[in-house]
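Below is one structure, written out as structure tokens; the observations come after it.
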Amino acid sequence: EAKQAGIGKIRFYNAEIAAQQNQHLALVEALKQAIQQQQLSLVYQPQYHLASGEICGCEVLVRWQHPQLGAVSPAQFIPLAEQHHLIEPLSNLVLKQASLELDQAGLLNGRLQQVSINISASEFHTDLIPRLTRDVAWLQRLRPFLQIEITETAALEDLHTSAEVIKTLAAVGIRFSIDDFGTGYSSLSLLNDLPIDEIKIDKSFIDHIVDSPRSHAIVETVIKLSQAFQLNSVAEGVEQAAQAAVLKQLNCHSAQGFYFSKPLPIDDLQQLLQQ
Ligand code: C2E
Ligand code: MG
Ligand code: MG
Ligand code: MG
């Protein structure tokens with residue numbers, strides 16, 4: 001009896017794994033189609049210069065509306081794209097669509113000082129350089145404002161390759177930001193060795209900046225560090241007025257988060273900038 005139950009259990013377990021694998025593959029297939037049919041959309045989260053209160057840039061974030069599942073989070077489908085060789089076409093789509101939308105909205109004339117786009121670690125091992133230096137009109141329009149966000153982990157994975165890629169792209173004026181700073185293996189030699197322009201302080205430190213002296217001290221130190229290296233400091237995930245006030249007092253350069261604005265469709269960003 002026990003043996004039978006055991007066998008039954010194994011069968012059930014196998015069926016469950018098979019069902020999960022089918023779901024996984026169906027999602028990959030749907031993502032592939034969404035990329036091919038250009039069904040991904042973009043939102044733009046404004047970044048605010050803290051001293052003046054002016055919008056100084058934005059971060060581009062990709063969105064996917066699945067016909068049955070509804071909105072799928074990039075935290076879920078970006079890793080999927082990385083695993084299934086879809087990150088390059090996805091990334092190209094984001095780059096091109098952002099450039100066209102921002103240009104059409106008249107925002108590539110200096111009104112936005114920087115446009116930040118996220119790049120996955122795995123893209124360092126693809127043809128990132130030719131992709132970002134191509135002489136196509138839409139890319140030329142965006143490039144003077146383009147900033148690439150990479151994580152510490154991505155940069156450190158293969159520091160030699162990252163350094164080569166970043167140096168080559170920096171030479172044509174593309175800027176680099178270290179995203180989620182402080183959550184990976186923060187390496188100070190990274191700041192020393194790479195021509196980066198910005199440090200993005202992770203939300204997890206901003207969350208407790210008001211009530212935790214430790215978080216406050218970390219943020220203060222990172223801001224001072226960026227000043228010493230003449231880098232911009234940007235705080236992410238600012239949700240409360242009190243957090244924004246502390247950041248301003250610490251001379252953090254800029255900030256983004258729901259307190260200032262959610263990520264917006266291009267029309268809403270354009271309207272906000274016209275006010
Ligand atoms: P990230 O680059 O660290 O982006 C910040 C995330 O925090 C975004 O989530 C944004 O919508 C969210 N956020 C902004 N302000 C607040 C706030 O005040 N409170 C809270 N709770 N959240 C806030 P999202 O859009 O879901 O993106 C998640 C991650 O997916 C991003 O983290 C980024 O690593 C990745 N990602 C998004 N778009 C792209 C893309 O086009 N390409 C690549 N390679 N990765 C992307
Ligand atoms: Mg980012
Ligand atoms: Mg981030
Ligand atoms: Mg983060």
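Atoms within each ligand, like the ligands themselves, are counted from 1 in listed order. Being a predicted model, the structure only gives us computed values, none of them experimental.
In summary, E149 places no N/O/S atom under 2.8 Å from the Mg ion (ligand 3), failing the contact criterion. Note on D202: not counted as a metal contact of the Mg ion (ligand 3), no N/O/S atom lying under 2.8 Å. Residue contact annotation: E236 places no N/O/S atom under 2.8 Å from the Mg ion (ligand 2). Here S116 fails the criterion, with no N, O or S atom under 2.8 Å of the Mg ion (ligand 2).
Note: no N/O pair closer than 3.5 Å links Y259 and ligand 1 by distance alone. The shortest N or O to N or O distance between P74 and ligand 1 is not under 3.5 Å. In terms of polar-atom proximity, E123 is not counted as a contact of ligand 1, lacking any N or O under 3.5 Å from an N or O of the ligand. Residue V62 has at least one N or O atom closer than 3.5 Å to an N or O atom of ligand 1.
For Q256, no heavy-atom contact with ligand 1 is shorter than 4.0 Å. At a heavy-atom cutoff of 4.0 Å, ligand 1 is contacted by the side chain of D179 but not by its backbone. Of the heavy atoms in V43, none comes closer than 4.0 Å to ligand 1. In S120, the parts holding a heavy atom less than 4.0 Å from any atom of ligand 1 are both the side chain and the backbone. Counting heavy atoms closer than 4.0 Å to ligand 1, residue N118 contributes atoms from both its backbone and its side chain. Residue E236 touches ligand 1 through its side chain alone, judged by heavy-atom distances below 4.0 Å.
When OD1 of D180 and OD1 of D179 are joined through the Mg ion (ligand 3), the resulting angle is 90° to the nearest 10°.
Using a non-hydrogen distance threshold of 4.0 Å, K200 does not register as a contact of ligand 1. Between E59 and ligand 1 there is a heavy-atom distance shorter than 4.0 Å.
Between Y48 and F260, the ring planes lie parallel to each other; the angle is under 30°, not in the 30° to 60° tilted range.
In this structure, CD in Q140 is found 11.0 Å from CG in L142, a value given to the nearest 0.5 Å.
One finds no salt bridge joining E198 and R175 here, because no Lys/Arg side-chain nitrogen approaches an Asp/Glu carboxylate oxygen to under 4.0 Å.
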